[in-house]
**Q** 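Structure provided below as structure tokens; questions to follow.
Reckoned from all heavy atoms, side chains included, excluding hydrogens, waters and symmetry mates. Residue numbers begin at 1 in each chain, while the letters A, B, ... track the order of the sequences. On a predicted model such as this, the values are computed, not experimentally measured, just so you know.
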Amino acid sequence: MAEKITPRSEDYSRWYTDVILQAELADYAPVKGCMVIRPYGYALWENIQQALDRRFKATGHVNAYFPLLIPESYLRKEAEHVEGFSPELAVVTHGGGKELEEPLVVRPTSETIINAMYAKWVRSWRDLPILINQWANVVRWEMRTRLFLRTTEFLWQEGHTAHATAEEAMEETLRMLNVYKEFAETEMAMPVIAGQKSMTEKFAGALASYSIEAMMGDKRALQAGTSHYFGQQFAKAFGIQFLNKNNELEYVYQTSWGVSTRLIGALVMVHGDDQGLILPPRLAPIQVVIVPIWRDEEQKRLVLEAAGQVQARLSATTRVRLDDRDEYSPGWKFNDWEMKGVPLRIEIGPKDIENAQVVLARRDIPGREGKTTCPMDALESRVAELLTTIQSDLYARALRFREENTFYPRNYAELAEAVENGFAFAAWCGSAECEAKVKEDTKATTRCIPFEQPAEVGPCVVCGQPAEKQVLFARAY
RNA sequence: CGGGGCGUGGCGCAGACCGGUAGCGCGCAGCGUUUGGGACGCUGAAGUCGGAGGUUCAAGUCCUCUCGCCCCGACCA
């Protein structure tokens, strides 16, 4: 606990790791690339889950659970899919002390097993749509791992839907992308760019992929959520057919969409500072921490009594914690809770009791500047108001940061410079060659073709050919 | 898989070049004094030096092999 965090300016990725370890979000597990999500990190994940699950239910989805182990042959049924995932599969070859007749893969994603089941369940247009989500773990044998951002095993949700028409499936794809965008902005206080993935960046097996892209504190892009339109690709591979209203046999149209524990990494990098985490109030496991201050036993008794009352009054509406540990000094606690990113701190000592007030300290505004006093009788309203303000200020700050580091290069030299310093929106002809050249020269990739497009797009910044769309180029995680 | 770094009490490290009975800081336990921005004193517990083999009277230290982790790149949510 309570060790020094490497400053971001000195080594950003070191800072990132320090924050996660010291704030006790996660720890390294004995197996390479695997991590333990510790209680504080898991509480954060639970809040993310709840906020998303609410939205999934509100858009008509239900939860289910499909198995971890998938027959290897299933992965091979869709050509592009197997090609995309083969290199990173974990395969079970033995069970019960014997070699298995057919190896089982540990799911890297569940399209295949779920679609195999859908083939069994779908007969008629009346069986559609199927709107199922599952919360699960998946395994991808990545070469390079990083806490939360890319671990061998990770937690996520994956929605898998089947529809009677292409229009309906496409609508669903975009609806869920929009759910992610709204979630990221409202709950995570993280502005995102929504758009379509290029053909080279899209999901293995999808006809079209869409993503939300966020800018991290080091100006790199992080894909924070994806939604895929499959058309009938998987339906044909798995034989998911139904009789439509005209008594004609037809393949279903499908989607899948997911977000993962990577979002926790995003929260760390979007809002955190050199003191540690800064959590948006809506997702923070502890929204308000009360730090009591006393000198002697008599004061301790009085202060703890008052602090207990403050806690009781707030606990109806707020996730509040009273830190009454005797073994740490107030100063130590200030630093500790700041590292853990608690949005609002209440200090209460003898002076405050005398004045019938408490001191409120905002995590997002360090030092004296973020401190105000609050009369005891205005406690509930002021705390609620401040938490709302912090939430929106965090969003505004992240948005400003992104905008300050966003560029609109007109030629290749400008593009190369722009992606060194942040996001670059630039005209692109749509060819994979131009994409590859940029990646080769600058390490930046196309993140997405934003839905929001300017009225006029100039020629492709790479080849100079006519371009129809502006694309977001950035270095990505 | 390529490049770099590192495995020594719980954590961070020193000791290695030059072999000779394992040390420092933090943390931990007990007691006392402290507490409005990371308190202090005293006492104490805790280490198969990643693993195997070798050289030697003697190995944390030298040699060989091996395992693992972290960071940087290619792959990726």
**Q** Determine the Euclidean distance between corresponding C1' atoms of B:U34 and B:C42; express it in Å to zero decimal places.
**A**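 Their C1' atoms lie roughly 15 Å apart.
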**Q** Rounded to whole angstrom, note down the C1' distance from B:C70 over to B:G30.
**A**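 To the nearest whole Å, 37 Å.
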**Q** Separation of A:L89 atom CG from B:A77 atom P, in whole Å?
**A**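 Interatomic distance, CG of A:L89 to P of B:A77: 14 Å.
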**Q** Under 4.0 Å, counting only non-hydrogen atoms across every strand here, what does A:V359 touch: a base, just sugar-phosphate, or nothing?
**A**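 Base contact.
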**Q** On a whole-Å scale, what distance lies between the C1' atoms belonging to B:G19 and B:U55?
**A**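 Straight-line distance between the two C1' atoms is 11 Å.
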**Q** For RNA chain B, report each stem as range with range, ordered by first number, or say none. Use Watson-Crick or G-U wobble pairs under 3.5 Å, at least 3 in a row.
**A**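 For RNA chain B the paired stretches long enough to count as stems (3 pairs minimum) are B:1-7 with B:67-73, B:10-13 with B:23-26, B:28-33 with B:39-44, B:50-54 with B:62-66.
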**Q** Let me know the distance between CZ of A:F334 and P of B:A39, rounded to the nearest Å.
**A**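 Distance check: A:F334 CZ to B:A39 P gives 11 Å.
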**Q** Which nucleotide in the set B:A77, B:G37, B:G38 lies at the smallest distance from any side-chain heavy atom of A:T151?
**A**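 The listed nucleotide nearest to A:T151's side chain is B:A77.
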**Q** Is the NZ or CZ atom of A:R220 positioned over A:Y477's six-membered ring, under 6.0 angstrom from the centre and within 45° of the axis?
**A**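 Judged by the rule (NZ or CZ under 6.0 Å from the ring centre, within 45° of its axis), A:R220 counts as positioned above A:Y477.
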**Q** Taking the ring of A:H160 and the ring of A:Y118, is the distance between their centroids below 6.0 Å?
**A**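 Between A:H160 and A:Y118, which both carry aromatic rings, the centre distance is not below 6.0 Å.
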**Q** Are A:W45 and A:Y40 an aromatic pair by the rule of ring centers under 6.0 Å?
**A**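 No, the ring centres sit 6.0 Å or more apart.
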**Q** Verify the ring-centre separation between A:H163 and A:Y253: is it less than 6.0 angstrom?
**A**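 A:Y253 vs A:H163: aromatic centres not under 6.0 Å.
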**Q** From B:A77, B:U35, B:G37, pick the nucleotide closest to the side chain of A:R140?
**A**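 Closest nucleotide among those given: B:A77.
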**Q** Between B:G38, B:A77, B:G36, spot the one nearest the side chain of A:P330, thanks.
**A**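 Shortest atom-to-atom distance from the side chain points to B:G36.
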**Q** Regarding A:K371, tell me which of base, sugar-phosphate or nothing describes its non-hydrogen contacts under 4.0 Å with the strands shown.
**A**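 Here A:K371 touches the bases of the nucleic acid.
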**Q** Enter the distance from A:L267:CG to A:M269:CE here, rounded to the nearest 0.5 Å.
**A**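 CE of A:M269 is found 10.0 Å from CG of A:L267.
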**Q** Above 12 or not: heavy atoms from other molecules or residues under 6.0 Å from CZ of A:R295?
**A**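 For A:R295, atom CZ is not crowded (no more than 12 foreign heavy atoms under 6.0 Å).
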**Q** Which is true for A:K300 with a 4.0 Å heavy-atom rule: it touches a base, it touches only sugar-phosphate, or it touches nothing?
**A**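 If one applies the 4.0 Å heavy-atom cut-off, A:K300 turns out to touch nothing in the nucleic acid.
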**Q** Checking salt bridge (charged side-chain N to carboxylate O under 4.0 Å, His left out) between A:E338 and each of A:R363, A:R345, A:K333, which is the one that passes?
**A**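 Option passing the salt bridge (charged side-chain N to carboxylate O under 4.0 Å, His left out) with A:E338: A:R345.
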**Q** Could you state the OH-C1' distance from A:Y328 to B:G37, rounded to the nearest angstrom?
**A**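 It works out to 17 Å between those atoms.
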**Q** Give the rounded distance in Å between these two atoms: CD1 of A:I293 and C1' of B:G37.
**A**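 Atom-to-atom, A:I293 to B:G37, this comes out as 9 Å.
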**Q** Around A:R313, counting heavy atoms of other residues, nucleotides and ligands shown, do more than 12 lie under 6.0 Å from its CZ?
**A**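 Yes, the 6.0 Å shell around CZ holds more than 12 heavy atoms from other groups.
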**Q** Roughly how far apart, to the nearest Å, are B:G15 and B:C24 at atom C1'?
**A**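 It comes out at 10 Å once rounded to the nearest Å.
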**Q** Distance between the C1' atoms of B:A45 and B:C63, in whole angstroms?
**A**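 Taking atom C1' in both B:A45 and B:C63, they lie 37 Å apart.
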**Q** Classify the side chain of A:D336 versus the base of B:G38 as yes if they form a donor-acceptor pair under 3.5 Å and no if they do not.
**A**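 Checked by distance alone, the answer is no.
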**Q** Taking the nucleotide of RNA chain B with the closest heavy atom to each, which residue, A:S13 or A:T261, is nearer the 5' end?
**A**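 Final value for this comparison: A:S13.
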**Q** Could you tell me how far apart A:M35 (CE) and B:A77 (P) are, to the nearest whole angstrom?
**A**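 Rounding to the nearest Å, CE of A:M35 and P of B:A77 are 16 Å apart.
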**Q** Please work out which residues in residues 189-221 of chain A have a non-hydrogen atom less than 4.0 Å from an atom of RNA chain B and list them by number.
**A**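 Going residue by residue through residues 189-221 of chain A, none turns out to have a heavy atom under 4.0 Å of RNA chain B.
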**Q** Find the distance A:L21:CG to B:G12:P and express it as a whole number of Å.
**A**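 So the two atoms are 10 Å apart, to the nearest Å.
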**Q** For a quick check of understanding: with a heavy-atom distance under 4.0 Å over all strands, which category does A:S260 fall into, base, sugar-phosphate or nothing?
**A**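 It contacts base atoms.
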**Q** If you check every side-chain atom of A:D326, which of B:U35, B:C71, B:C75 has the closest atom?
**A**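 Selected nucleotide: B:U35.
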**Q** Among B:A77, B:C71, B:A74, which nucleotide sits nearest the side chain of A:K443?
**A**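 Comparing B:A77, B:C71, B:A74 against the side chain of A:K443, the answer is B:A74.
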**Q** Rounding to the closest angstrom, what is the interatomic distance between B:G38 and B:U43 at atom P?
**A**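 Per the computed distance, 26 Å lies between those P atoms.
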**Q** Above 12 or not: heavy atoms from other molecules or residues under 6.0 Å from CZ of A:F334?
**A**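 Above 12, so yes.
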**Q** Please state how far atom CD in A:E88 lies from atom P in B:A77, giving the value in whole angstrom units.
**A**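 Atom CD in A:E88 sits about 7 Å away from atom P in B:A77.
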**Q** Checking all strands, does A:Y28 fall into the base, sugar-phosphate, or nothing category for heavy-atom contacts under 4.0 angstrom?
**A**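 Sugar-phosphate, backbone atoms only, no base.
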**Q** Under 4.0 Å, counting only non-hydrogen atoms across every strand here, what does A:E347 touch: a base, just sugar-phosphate, or nothing?
**A**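 Base, at least one base heavy atom under 4.0 Å.
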**Q** Tell me: CG of A:L149 to P of B:C71, nearest whole Å?
**A**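 In whole Å, B:C71 P and A:L149 CG are 11 Å from each other.
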**Q** I want to verify a distance call: between B:A39, B:C75, B:G37, whose nearest atom is closest to the A:R345 side chain?
**A**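 The nucleotide sitting nearest to the side chain is B:G37.
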**Q** Base, sugar-phosphate, or nothing: which does A:R146 touch, judged by heavy atoms less than 4.0 Å apart?
**A**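 No contact.
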**Q** Determine: side-chain N/O of A:Y180 to OP1/OP2 of B:A77, distance under 4.0 Å, yes or no.
**A**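 No, because none of the side-chain N or O atoms of A:Y180 sits under 4.0 Å from OP1 or OP2 of B:A77.
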**Q** For the aromatic rings, using the six-membered ring if either is Trp, is the centroid distance between A:W156 and A:F154 under 6.0 Å?
**A**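 Centroid separation for A:W156 and A:F154: below 6.0 Å.
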**Q** On RNA chain B, check which nucleotide each of A:D296 and A:L147 is closest to and give me the residue with the more 5' one.
**A**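 Of the two residues, A:D296 wins.
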**Q** So, is A:S329 near the phosphate of B:A39, with a side-chain N or O under 4.0 Å from OP1 or OP2?
**A**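 Checking B:A39 against A:S329, a side-chain N or O does come within under 4.0 Å of OP1 or OP2.
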**Q** So, is A:K333 near the phosphate of B:A39, with a side-chain N or O under 4.0 Å from OP1 or OP2?
**A**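 For B:A39, neither OP1 nor OP2 has a side-chain N or O of A:K333 closer than 4.0 Å.
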**Q** With heavy atoms under 4.0 Å as the rule, sort A:L222 into base, sugar-phosphate or nothing.
**A**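 No contact at all - A:L222 keeps every heavy atom at 4.0 Å or more from the nucleic acid.
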**Q** Counting only heavy atoms not in A:K443 (residues, nucleotides, ligands), do more than 12 fall under 6.0 Å from its NZ?
**A**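 Check fails, neighbour count at 12 or below.
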**Q** Counting only heavy atoms not in A:E46, do more than 12 fall under 6.0 Å of its CD?
**A**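 Yes, enclosed.
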**Q** Between B:G2 and B:A77, how far apart are the two P atoms, rounded to whole Å?
**A**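 These two P atoms come out 25 Å apart once rounded.
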**Q** Rounding to an integer number of angstrom, what distance separates B:C28 and B:C11 when you compare their P atoms?
**A**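 One P to the other, the span is 14 Å.
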**Q** Has A:E182 got more than 12 heavy atoms of other residues, nucleotides or ligands less than 6.0 Å from its CD?
**A**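 Count over threshold, so yes.
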**Q** With stacking defined as ring centroids separated by under 5.5 Å and planes differing by under 30°, is A:W332 stacked against B:A39?
**A**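 Check failed, A:W332 does not stack on base of B:A39.
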**Q** With sugar-phosphate meaning primed atoms plus P, OP1 and OP2, does A:D352 contact a base, only sugar-phosphate, or nothing at under 4.0 Å between heavy atoms?
**A**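 Base, at least one base atom sits under 4.0 Å.
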